[in-house]
Participant: 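Before anything else, here's the structure in question.
One-based numbering, in listed order, for ligands and for the atoms of each. Everything quoted here is computed from the prediction, not taken from an experiment.
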Amino acid sequence: MTESEIIKKLKETQKERRFNHTLGVADEAERLADKFGVDKKKARLTALLHDCAKNLDEKSGEDFVELCEKYGVIPDVYAKKERALIHAFLGAAVAKAEYGIEDKEILNAIYFHTTARANMSPLEKLIYIADMTEPGRTIPQSAEIRDLVEKDVDEALIYAIGCSIKHVIKKGTLVHPDSIHALNYLIEHRRKKI
Ligand SMILES: [Fe+2]
Ligand SMILES: [Fe+2]
């Protein structure tokens, strides 16, 4: 699929706000690609698709349980309890089935874009950050992450994942263990660098 075909399909399957966010993440991922050592085209394509399943329930009229069955996704125990996680796991399957993506690196970056995980690939890190720093994100934490990423990508990730975990705690929802593993991995890795 060409980029314009992908964008056309996303526009049909996302709400306006989500679609604008998607375009923002694509531009941001392309802007930051060099810093993460990622190919700009791959960065842009992954960013465009990272939220491809986000509004699929409302747009398709099928709920997430039905959509998971349709695309062969088995939500883990956390995703079963926290709907916010499902769109990422489902997104990887939708990117494959509906957008023809076979590249495992791209599919993993979509799959882990909400939880993060230990030992993330450069593309996974880039998408996680760009999702939080795209121009439409105006919360103060986003400005802090934008500053940090200029100095040290992993420091930006530690801060960003920490913000996300705090947000989840504040909402009173479950913290996915992959997020804790991601944070611990980065902290341990930082210690080795010193
Ligand atoms: Fe998302
Ligand atoms: Fe997003």
Side-chain angles (χ1 to χ4, degrees), residues 3 6-7 9-33 36 38 42-60 63-64 67-68 71 73 75-76 78-99 101 105-117 120-121 123-139 141-146 149 156-157 159-168 170-171 173-176 178-179 182:
E3 179 170 320
I6 290 172
I7 288 175
K9 198 172 165 86
L10 287 169
K11 201 170 182 177
E12 287 161 8
T13 52
Q14 288 181 328
K15 290 184 192 170
E16 194 182 352
R17 196 170 141 257
R18 185 57 42 182
F19 179 67
N20 291 335
H21 160 73
T22 294
L23 297 182
V25 180
D27 288 346
E28 182 71 347
E30 191 176 351
R31 183 181 77 84
L32 293 173
F36 286 76
V38 171
K42 195 164 179 167
R44 195 171 172 82
L45 174 62
T46 313
L48 279 173
L49 293 173
H50 84 285
D51 273 342
C52 68
K54 185 80 179 185
N55 304 133
L56 218 50
D57 54 340
E58 287 165 70
K59 289 282 182 173
S60 69
D63 65 26
F64 275 126
L67 287 165
C68 282
Y71 290 100
V73 175
D76 67 14
Y78 296 91
K80 269 185 192 149
K81 290 174 187 163
E82 305 300 350
R83 270 185 46 149
L85 296 169
I86 295 181
H87 82 281
F89 306 149
L90 184 62
V94 171
K96 191 173 180 183
E98 302 291 342
Y99 295 85
I101 304 297
E105 218 192 333
I106 295 178
L107 298 176
N108 279 338
I110 298 170
Y111 192 93
F112 292 104
H113 88 265
T114 35
T115 58
R117 64 164 165 172
M120 294 164 88
S121 74
L123 183 64
E124 287 168 28
K125 289 181 179 181
L126 170 62
I127 298 303
Y128 191 91
I129 291 292
D131 196 16
M132 290 176 95
T133 59
E134 63 99 353
R137 297 268 200 215
T138 52
I139 52 169
Q141 291 90 330
S142 293
E144 181 75 27
I145 301 166
R146 274 182 213 111
V149 85
L157 270 160
Y159 181 76
I161 295 166
C163 288
S164 169
I165 291 174
K166 273 186 227 160
H167 177 70
V168 165
K170 212 171 162 185
K171 273 199 306 180
T173 53
L174 295 169
V175 178
H176 197 287
D178 278 348
S179 305

Participant: Between K171 and H167, does the side-chain contact (heavy atoms from CB on, under 4.5 Å) criterion hold? Intermediate values first, please.
Facilitator: CA-CA 6 Å; K171 273 199 306 180; H167 177 70; 4.0 Å; yes

Participant: For the Fe ion (ligand 2), report each protein N, O or S atom nearer than 2.8 Å, sorted by chain and then by residue number.
Facilitator: H21 NE2, H50 NE2, D51 OD2, D131 OD1

Participant: Give, for atom NE2 of H50 and atom NE2 of H87, the distance between the pair rounded to the nearest 0.5 Å.
Facilitator: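 Spacing of NE2 (H50) from NE2 (H87) equals 6.5 Å.
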
Participant: Give the intermediate values and the outcome of side-chain contact (heavy atoms from CB on, under 4.5 Å) for residues Y99 and L48.
Facilitator: CA-CA 11 Å; Y99 295 85; L48 279 173; over 6 Å; no

Participant: Which single N/O/S atom of H87 lies at minimum distance from the Fe ion (ligand 1)?
Facilitator: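 It is NE2, the N, O or S atom of H87 closest to the Fe ion (ligand 1).
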
Participant: So how far is it from E30 CD to L126 CG, rounded to the nearest 0.5 Å?
Facilitator: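 So the CD of E30 and the CG of L126 are separated by 10.5 Å.
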
Participant: If the threshold is 4.0 Å, N to carboxylate O, is there a salt bridge linking E28 and R31?
Facilitator: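 Yes.
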
Participant: Kindly indicate whether the side chain of E105, heavy atoms from C-beta on, has any atom under 4.5 Å from the side chain of S121.
Facilitator: yes

